[in-house]
Amino acid sequence: MSGRESILGAIRQGLGRGALGTAEKDALEDRIAGHARGIRPSRIDTADLKQMFVDYAAKVDVTVDRVASLDDVPDKVADYLAQENLPAELRVAPDPALDTVPWDKRPTLTVSKGASDGTHEVGLTAAFAGIAETGTLMMKSGPAHPTTLNFLPDTHLVVLRASQIVGSYEDAWDRLRAGEAMPRTVNFITGPSRTGDIEQTIFLGAHGPRRMHIVLVEDD
Amino acid sequence: MQESRTRNFIGNAREALDDGNLQQALDKMKSGFVERRLEARARLPEFDDIRDQAREIKNHTLANLDYYLERFERKVTEEGGQVHWCATPEDARQAILKICRDLDAKTVTKGKSMIGEEIGLNDFFEENGIEPIETDLGEYIIQLRREAPSHIIAPAIHVLKHQVAEAFYETHDQFDPDRPLEEPRALLDEAREVLRQKFIDADVGITGANFLIAETGTSVIVTNEGNGDLTQTIPKAHVVIASLEKVVPTLEDATTISRVLARSATGQEYSVYTTFSTGPRRPEDPDGPEQYHVILLDNGRSKMVGSEYQEMLRCIRCGACLNHCPVYGSIGGHAYGWVYPGPMGSVLTPSLIGVDEAGHLPNASSFCGRCEEVCPMRIPLPKMMRHLREREFDGKTGPATMRTGIKMWAFYAKRPWLYHALAKLKFRVLGAFGRRKGRFRRLPGGAGWTAHRDFPAPQAGGTFQAQWSARGGKRSVDA
Ligand code: SF4
């Protein structure tokens, strides 16, 4: 007997039944198709999800710049890098959503596009959604969204549009379901990487980014 | 399977109490986790209602476990991945080895996985000429020290920073032997630098899973360091090792449970990284693994379905029951002798490796009830520990030679040092809770406390309760 059959057999024996019949299976499929939501925090019933997002992001050591349009992104990015004493070299996701950013406004910035092989100090990506309930970003993988850019560069810069901010994780799932198929990777990211593995003291910058900065484009 | 040392629990516990470094490390642990969980809970008024929903999701899943596992497999296959059904640790090791051999793998990076510990994967890799590299900082530290994890979410919680420095001086001989490593930051930066190259060079990346999702064929990891993501993104193959009770029906179900996971574990609102992985990289993707495998391990769990221990299969390995356990807090995790320590281990270990081997672990409990109180999945741990003891008592489990009552008396009577140590620590922990909450329902003398107490005091002339209050109950109420 294969591992599969012996495991399933033991489970069914424990449950005191055989394989489910068609009606029972249909009921379970209906439950999946309905993918009902559980209780969500009531704090998302607020008029200002944008502010809630920014507040919760700040609690997990994320800094946020608010700008009026994508045109302002190069200035904010260049200023941030200067202020943090970081090189003015950016690895940017090959994302159509970022194509209209006028990088030549700040000629000192060197911009290259693509995934990261670990040699880039600063990465910049566009988010898929911002989730107000915990200040969490949702990123999905795909040709325009290399996953390596979320993890390898020491500094992770993120462009998030205010219209992408939703209340709960479930709202973000709904937006994802409205698009194409499930991507290979969906990353929920809540702040820069951290560890408490040495004597329970929290330090930022474990294996992923040491710092995270969001440029919030107020397109709403 | 990782070798069990649980038969030697008594000797292990004695050693633990005498280990100054360990006691210092445990002292650092105690307040942090407890405080932070309380604060996180206070910030989410819906917390307890979400716990109820989380429990119902898992109960529903377990009642239909066969269906959801088959559905999970179907979706993984549709997405271009492969599920390997493994009844035993040996089956799992062989399936993993075959994947590695097919890719001619020399090094394997690993995210933190308790299943990896359960199946003794690192030793097995070494025996087969493959270098396993733990990438979670805590796991990396204990790998260098050649130790097992002592906590399910904080594997190196028993290690002090000067001990980390010693391990690094010894292993990282590429650096200046006189470099300063007193500061945790220096230790962290050094580990980051060493492991960075390992991520990039690895042929296969292995992670555990916090959830498997039947709806989409997705595996989920919940982490803070980012090591799990680097582990699974860069190599040619991503191998997920997961036990079968990790499955849930939908993305929403996983999301609901995730709301109580980090809050219970570390007191964070959400962990830094919650990552949903579905199949290998798509043809157009610029990065990601070319292969995606799920090693689905049973190792005795299917036999728990339908038994009085089924509820243990709801466990999401948050560690809250360890963090709040006075016994764990005084002896640490290694004394339990196998992979899973603390209250959850006292139930899971005998269920998985047998009551003969580990049936006495449930005795290592004060039945104070804190574990059940904090368990996000509302697992009745004390009740199950009592069941396990009764099973031994009834001799249902084979050649148990001593009857539990006698055994319990003997257990503590022969070891007043253990009793003293536990009683003192239990008291301190409980006293702290009582003071914070302004109530003493569970302090000695109250019915809630005494109702489930059934082990006698070891010294002549003192009942448990009498001794308990003599030893400090009054002091606490005055405080
Ligand atoms: S038994 Fe409950 S508290 Fe303990 S690790 Fe499992 S889920 Fe967490």
Side-chain angles (χ1 to χ4, degrees), chain A residues 2-4 6-8 10-12 14-16 19-20 25 28 31-32 35-39 41-42 56 94 114-115 118 134 136 141-143 146-148 150-152 169-170 173 182-201 203 205-209, chain B residues 28-29 32 44 46 49-50 53 64-67 85-87 91 135 137-138 154 156 160-161 164 184-185 187-188 192 195-196 200 215-216 224-227 229-230 233 249-252 255-256 269-270 272-279 281-282 284-288 298 302-303 305-307:
Chain A
S2 75
R4 187 178 194 281
S6 71
I7 292 169
L8 290 171
I11 291 170
R12 286 174 188 141
L15 292 170
L20 292 178
K25 284 184 183 174
L28 297 182
R31 187 189 183 284
I32 290 174
H35 52 79
R37 297 169 164 202
I39 297 169
S42 56
Y56 273 95
T134 46
T136 299
S141 64
T147 303
T148 42
N150 297 334
F151 294 98
L152 281 171
Y169 315 116
E170 287 87 344
W173 285 127
M182 189 78 177
R184 145 72 196 170
T185 305
V186 176
N187 295 123
F188 287 85
I189 304 181
T190 314
S193 84
R194 65 190 63 214
T195 183
D197 274 349
I198 300 174
E199 293 191 359
Q200 300 292 292
T201 315
F203 287 94
H207 294 293
Chain B
K28 282 180 199 281
M29 171 196 110
L44 186 69
E46 298 82 5
D49 291 339
I50 299 175
Q53 285 195 333
N64 299 285
L65 186 59
D66 52 335
Y67 184 75
W85 300 73
C86 299
D91 293 349
T135 62
L137 180 59
L160 295 171
K161 69 181 180 211
V164 179
R185 181 84 249 173
L187 294 166
L188 175 57
R192 180 181 168 103
L195 287 168
R196 194 40 85 98
I200 291 170
E215 175 190 6
T216 48
N224 280 315
E225 296 185 0
N227 65 304
D229 290 277
L230 291 168
T233 304
T250 65
L251 294 167
E252 277 73 6
T255 300
T256 296
E269 293 281 320
Y270 218 47
V272 178
Y273 302 113
T274 302
T275 298
F276 293 70
S277 306
T278 311
R281 73 198 280 177
R282 315 293 187 241
E284 333 75 63
D285 283 354
D287 49 25
D298 181 351
S302 59
K303 302 238 161 31
V305 175
S307 78

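These values consider heavy atoms only, across backbone and side chains, with no hydrogens, waters or symmetry-generated copies. Below, chains carry the letters A, B, ... as their sequence lines are ordered, and counting in each starts from 1.
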Listed partners of Pro146(A) passing side-chain contact (heavy atoms from CB on, under 4.5 Å), at least two apart: Ala93(A), Pro94(A), Ala115(A), Thr148(A), Leu149(A), Pro286(B), Asp287(B)

Taking every heavy atom of Ile7(A) against every heavy atom of Ser302(B), the minimum-distance pair comes out as O-CB, 4.0 Å

Tell me whether Arg196(B) contacts the main-chain N or O of His207(A) through its side chain, where contact means a donor paired with an acceptor under 3.5 Å. yes

May I ask you to test the Leu8(A)-Trp85(B) pair for a side-chain heavy-atom distance under 4.5 Å? yes

Can you tell me which portion of Glu46(B) sits under 4.5 Å from chain A's heavy atoms? Options are side chain, backbone, both or neither. side chain

How close do Glu225(B) and Asp197(A) get, counting heavy atoms only, and between which atoms? OE2-OD2, 3.0 Å

Can you label the angle between the Tyr273(B) ring and the Phe151(A) ring as parallel, tilted or perpendicular, going by 30° and 60°? tilted

Can you see which heavy atom on Phe203(A) is nearest to which on Pro184(B), and at what distance? CE1-CB, 3.4 Å

With Arg184(A), which residues qualify under salt bridge (Lys or Arg N to Asp or Glu O under 4.0 Å), at least two apart? none

Ranked by heavy-atom pairs below 4.5 Å to chain A, first place among Thr233(B), Asn64(B), Thr256(B) goes to Asn64(B)

Write down the atom of Glu215(B), the atom of His35(A), and the distance for their closest heavy-atom approach. OE2-CD2, 4.1 Å

With heavy-atom distances below 4.5 Å as the criterion, would you say the side chains of Glu170(A) and Thr255(B) are in contact? yes

What closest approach, in Å, do Ser141(A) and Asp285(B) show between heavy atoms, and which atom pair accounts for it? OG-OD2, 4.3 Å

Nearest heavy-atom pair of Leu44(B) and Pro41(A): which atoms, and what distance? CD1-CB, 3.6 Å

Is the backbone of Ile39(A) close enough, under 3.5 Å, to the side chain of Gln53(B) for a donor and an acceptor to pair up by distance? yes

Would you say Thr201(A) and Lys161(B) make side-chain contact, with heavy atoms under 4.5 Å? no

Side-chain contact test, heavy atoms from C-beta onward, threshold under 4.5 Å: evaluate it for Ile198(A) versus Leu137(B) and give yes or no. yes

